[in-house]
Amino acid sequence: SLNNLGAFLAELGRREEAPTLAQEAAEVYRLLAEANPAAYLSHLATSLWAFAWICVRVKRNLPEALQTVGEAIDLYTALAEQLPQAFGGQLRSAYHTRADVLDGLGRTDEAAEVRRQLDAADGEDPNPG
């Protein structure tokens, strides 16, 4: 719910509130994943990705978003290795968000390279990095 509310607020341009809610969701899922990784690691990955996505939408906290989406990619990579059908799409989405964050940081060459790798993978390998 916090992630969804953050995304809705980002769409409304409420730049202060949106990232804070997504960050709070990630903190909650981090605690839950520490206690029960099998049940909550995927939720943590989604919350980390959502935080980065929201930061891109509101153009705030982009350095932190880059770190966070990197962590989401690491988690999704491990999850996709176990269950590619379930997590391959989320992994690709996280890579797209990484490219968007890099663009927002003015690192357009790196963003273009991420997108080229995604295009080259063409759905074959969910881990283009």
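In this text the structure is predicted, and so the values were computed from the model without any measurement. Nothing fancy with the numbering, it's 1 onward along the sequence.
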Is there a side chain to side chain contact (heavy atoms under 4.5 Å, CB included) between I73 and L91 once you walk through the steps? CA-CA 6 Å; I73 287 169; L91 178 58; 4.0 Å; yes
Show your working on side chain to side chain contact (heavy atoms under 4.5 Å, CB included) between N3 and L21 and close with a plain yes or no. CA-CA 7 Å; N3 283 327; L21 291 170; over 6 Å; no
What do the steps show when you test E113 against R116 for salt bridge (Lys or Arg N to Asp or Glu O under 4.0 Å), and what is the final call? CA-CA 5 Å; E113 180 57 29; R116 273 192 292 277; 3.2 Å; yes
Test log, rule side chain to side chain contact (heavy atoms under 4.5 Å, CB included), inputs Q90 and L79: CA-CA 10 Å; Q90 286 95 330; L79 291 165; over 6 Å; no
For F51 and S47, what are the C-alpha separation, side-chain angles and deciding distance, and is it a side chain to side chain contact (heavy atoms under 4.5 Å, CB included)? CA-CA 6 Å; F51 172 76; S47 290; over 6 Å; no
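Taking the six-membered ring where tryptophan is involved, the planes of H43 and Y29 are essentially parallel, since the angle between them stays under 30° and well short of 60°.
Scanning both residues, W49 and S93, for their nearest heavy atoms gives NE1-O, 3.4 Å. A80 and G88 make their closest contact through CB-N, 4.2 Å (heavy atoms, listed as atom of the first residue, atom of the second, distance). Residues L62 and C55 approach most closely at CD2-O, 3.8 Å, considering heavy atoms. Considering every non-hydrogen atom in both L44 and A26, the closest pair reads CD1-O, 3.5 Å. Considering all non-hydrogen atoms of both residues, T97 and W53 come closest at CG2-N, 3.7 Å. G6 and A18 get closest at one heavy-atom pair: O-CB, 3.3 Å.
Each of V69, V101, N61 was checked for a side-chain contact (heavy atoms from CB on, under 4.5 Å) with V56, and the lone residue meeting it is V101.
Taking the side chain as every heavy atom from C-beta outward, L102 and T108 never approach each other to under 4.5 Å. Between Q23 and E64 the shortest side-chain heavy-atom distance falls below 4.5 Å.
A salt bridge links E16 with R60: the distance from a Lys NZ or Arg NE/NH1/NH2 to an Asp or Glu carboxylate oxygen falls below 4.0 Å. Salt bridge R115/D103: present, at least one basic N to carboxylate O contact under 4.0 Å.
In the hydrophobic clustering of ILVMFWY residues, with side-chain heavy atoms under 4.5 Å counting as a link, L31 and L41 come out apart.
Every residue two or more places apart in sequence or in another chain was checked for a side-chain hydrogen bond (donor to acceptor under 3.5 Å, both in side chains) with E34, and none qualifies. Q67 is linked by a side-chain hydrogen bond (donor to acceptor under 3.5 Å, both in side chains) to nothing, counting only residues two or more places apart in sequence or in another chain.
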